Peer 1: 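Before we start, here is the structure in question, set down as structure tokens.
Small disclaimer: the values here were computed from a predicted structure and weren't measured.
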Amino acid sequence: MHNGNLLEIRNLTTIFPGRRGDVRAVDSLDLNMRAGEILGIVGESGCGKSTVLLSILRLIRHPGYISDGEIRFRGVDLRQLNSSAMRQVRGKEISMIFQDPQTTLNPAFLVGEQIREALRLHHIIPGRKMPWPFDAALRRHEKQRVLEVMREVGIPSPIDRYVAYPHQFSGGMQQRALIAAALVCGPTLLLADEPTTALDVTIQAQIVELMLRINKERGTAIILVTHDLGLAAEFCQRIAVMYAGRIVEQGNVEQVVMHPRHPYTQGLLNCRPRISMRELRVQPIRGNVPDLAELPFGCAFAPRCEHVQDVCRIGPVPMVTEPDGHINRCLVHTGFQRQENWQWSDRVERTV
Ligand SMILES: Nc1ncnc2c1ncn2[C@@H]1O[C@H](COP(=O)(O)OP(=O)(O)OP(=O)(O)O)[C@@H](O)[C@H]1O
Ligand SMILES: [Mg+2]
């Protein structure tokens, strides 16, 4: 069977073909996750965060495709499942809060009915395997369950809100409704794509509180995708930092935030406003997010890196795992030498 990891991703590569060549939105990505864990994926816009989540659920739209890798969930490779088995996993075992609440909720349907939809699809009410669509008792059961979840995620007066339309909800309430829809089938893993980005800070804090409570009470594992390293540090146990489709650093919060190895992670930390007694200091990372269709050979961060050396531009940069499990992909940090107690991945990351 499997070795206790809830999710194990190996060498995942997702490609979007384009006029200027293939874009490797996710490139040779490795990621492990234990049951009940909260993992953060952090990086700038366009680095492939949403593509990782959509790949896990096999929701990459044509002409995009997963070209390589394994996505093992409870030991089963999701890439090998047929589409009906995959539908059983989607929404029920693994559910997702999509990036944009306004486009995910359908304006023409009642919010409560939209939350009930997942229950209906998965026939989740016990003892009723083959529901008759007009079964009033079943509908009552399902509605009861939806109201419970609405209450759980802090939607006030759920009975009234069940029959409201999305436009009658505030942004924060819409986000709660989406979380309710993601939770209604009791998933083991919740994928949350920038769940707080569109919200103001006080509501952000409430949504984060809510997700932490769900993790604690239900034991739901969560992958939080965000561009905000500070948020990830508060919320997650482990963090993976992505740059141009690849993970450049990975470790627990203390490793990544207190002892960052990769210059990109250090840059992200310096971008955070720090209010000291005298000044508000923010140091942006110079340069722009790279064009994934024209990545430089060698380290993709090299053009923006303050510590760049010639060797960084020569070839693919291997992953290094330090004895404490802290992973990074930076030649400058490793001093260009193979240290005895470091474990190197020799897989060639990219063939150009
Ligand atoms: N449907 C698509 N067709 C073509 N290219 C795509 C598609 N979806 C994503 N991409 C490309 O893949 C790359 C990664 O996109 P993705 O949406 O995963 O980034 P992201 O990290 O989630 O960004 P953001 O923070 O802006 O949401 C982008 O460079 C984008 O150009
Ligand atoms: Mg995204």
Side-chain angles (χ1 to χ4, degrees), residues 1-18 22-37 39 41 48-99 103-104 106 109 113-133 135 138 142 145 178 181-193 218-223 225 245 347:
M1 267 290 283
H2 58 108
N3 56 8
N5 278 326
L6 179 68
L7 183 72
E8 268 183 31
I9 301 179
R10 286 280 155 276
N11 200 27
L12 175 68
T13 301
T14 303
I15 292 180
F16 292 104
D22 288 355
V23 165
R24 286 172 172 251
V26 176
D27 193 357
S28 317
L29 182 121
D30 291 346
L31 207 61
N32 285 343
M33 200 176 174
R34 291 189 304 277
E37 188 175 38
L39 171 79
I41 300 182
K49 306 181 296 295
S50 300
T51 308
V52 173
L53 300 190
L54 294 171
S55 301
I56 293 173
L57 284 179
R58 286 187 26 206
L59 289 175
I60 298 291
R61 293 252 173 85
H62 182 78
Y65 63 100
I66 299 176
S67 74
D68 208 353
E70 287 177 4
I71 305 168
R72 293 194 173 273
F73 178 71
R74 293 178 156 163
V76 177
D77 188 359
L78 298 181
R79 286 192 67 204
Q80 307 303 329
L81 296 184
N82 63 25
S83 48
S84 84
M86 192 61 216
R87 265 199 303 278
Q88 281 303 309
V89 172
R90 219 180 273 141
K92 191 170 169 190
E93 298 280 345
I94 307 178
S95 64
M96 178 154 171
I97 305 168
F98 291 89
Q99 191 161 4
T103 56
T104 318
N106 189 328
F109 291 96
E113 290 297 309
Q114 295 189 53
I115 300 174
R116 189 168 76 100
E117 185 67 16
L119 277 183
R120 235 175 38 73
L121 286 176
H122 291 296
H123 310 324
I124 216 91
I125 300 296
R128 289 178 188 259
K129 286 271 178 288
M130 298 284 285
W132 171 241
D135 183 335
L138 175 68
E142 289 178 345
R145 181 80 163 250
L178 286 177
L183 287 180
V184 72
C185 292
T188 325
L189 174 61
L190 177 65
L191 310 177
D193 195 352
R218 293 188 172 213
T220 312
I222 301 177
I223 299 185
V225 155
R347 198 170 64 218

Peer 1: Side chain of R24, backbone of G245: donor and acceptor closer than 3.5 Å?
Peer 2: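 Not a single qualifying donor-acceptor pair exists.
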Peer 1: Determine whether N82 and R87 satisfy the following criterion, side-chain hydrogen bond (donor to acceptor under 3.5 Å, both in side chains), listing intermediate values before the conclusion.
Peer 2: CA-CA 9 Å; N82 63 25; R87 265 199 303 278; over 6 Å; no
Peer 1: State, with a plain yes or no, whether a side-chain heavy atom of D77 is found less than 4.5 Å away from one of E8.
Peer 2: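 They are not in side-chain contact.
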Peer 1: Report yes if the side chains of L6 and R74 come closer than 4.5 Å at any heavy-atom pair, otherwise no.
Peer 2: yes
Peer 1: To the nearest 0.5 Å, how far apart are CE in M96 and CG in L191?
Peer 2: 6.0 Å
Peer 1: Taking side-chain hydrogen bond (donor to acceptor under 3.5 Å, both in side chains) as the test, write out the residues that go with S55, two or more places apart.
Peer 2: T14
Peer 1: Under 4.5 Å between any side-chain heavy atoms of V52 and V225, yes or no?
Peer 2: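 Side chain of V52 against side chain of V225, heavy atoms only: no contact under 4.5 Å found.
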Peer 1: Would you find a donor on one side and an acceptor on the other, under 3.5 Å apart, between the side chain of D193 and the backbone of I97?
Peer 2: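 No, D193 side chain to I97 backbone: no donor-acceptor pair under 3.5 Å.
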Peer 1: Please identify each residue that fulfils salt bridge (Lys or Arg N to Asp or Glu O under 4.0 Å) with R34, with sequence neighbours left out.
Peer 2: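 Residues passing salt bridge (Lys or Arg N to Asp or Glu O under 4.0 Å) with R34: E37.
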Peer 1: Over all heavy atoms of both residues, which pair between P17 and P63 is shortest? Give the atoms and the distance, please.
Peer 2: CD-O, 3.2 Å
Peer 1: For the side chain of R116 and the backbone of E142, is there at least one donor-acceptor N/O pair under 3.5 Å apart?
Peer 2: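 Side chain of R116 to backbone of E142: no pair is present.
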Peer 1: Just how far is it from atom CD1 of I9 to atom CZ of R72, taken to the nearest 0.5 Å?
Peer 2: 12.5 Å
Peer 1: To the nearest 0.5 angstrom, please state how far the CG atom of L29 sits from the CG atom of N11.
Peer 2: 9.0 Å
Peer 1: Is there a donor-acceptor pair closer than 3.5 Å between any side-chain N or O of R145 and the backbone N or O of L119?
Peer 2: no
Peer 1: Can you measure from CD1 (I94) to OG1 (T188) and round to the nearest 0.5 angstrom?
Peer 2: 8.0 Å
Peer 1: What pair of heavy atoms forms the shortest contact from I15 to S67, and how long is it?
Peer 2: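 Between these two residues, the closest heavy atoms are CD1-OG, 3.7 Å.
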Peer 1: Do side-chain atoms of R90 reach the backbone of L59 as a donor and acceptor pair under 3.5 angstrom?
Peer 2: no
Peer 1: Between I223 and L7, is there a side-chain heavy-atom distance shorter than 4.5 Å?
Peer 2: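 Heavy-atom side-chain distance check passes, below 4.5 Å.
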Peer 1: Show the nearest heavy-atom pair for residues L54 and F98, with the distance to one decimal.
Peer 2: CD2-CE2, 3.9 Å
Peer 1: So how far is it from L178 CG to T104 OG1, rounded to the nearest 0.5 Å?
Peer 2: 5.5 Å
Peer 1: For residues G91 and C185, report the shortest heavy-atom separation together with the two atoms involved.
Peer 2: O-CB, 3.6 Å
Peer 1: Answer whether the closest heavy-atom distance between the side chains of R58 and V89 falls below 4.5 Å.
Peer 2: no
Peer 1: What are the two closest heavy atoms between I71 and I56, and how far apart are they?
Peer 2: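 Taking every non-hydrogen atom into account, CD1-CA, 4.1 Å.
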Peer 1: Does S28 offer a backbone N or O that forms a donor-acceptor pair with the side chain of T13 under 3.5 Å?
Peer 2: yes
Peer 1: So which heavy atom on V26 is nearest to which on L12, and how close?
Peer 2: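 Smallest interatomic distance, heavy atoms only, reads CG1-O, 3.5 Å.
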Peer 1: For A181, does its backbone N or O pair with a side-chain atom of Q114 as donor and acceptor, under 3.5 Å?
Peer 2: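 Pair absent, no side-chain N/O of Q114 close to backbone of A181.
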Peer 1: Could you tell me the separation between the CZ atom of R79 and the CE atom of M86, rounded to the nearest 0.5 Å?
Peer 2: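 Answer for the CZ-CE pair, R79 versus M86, is 11.5 Å.
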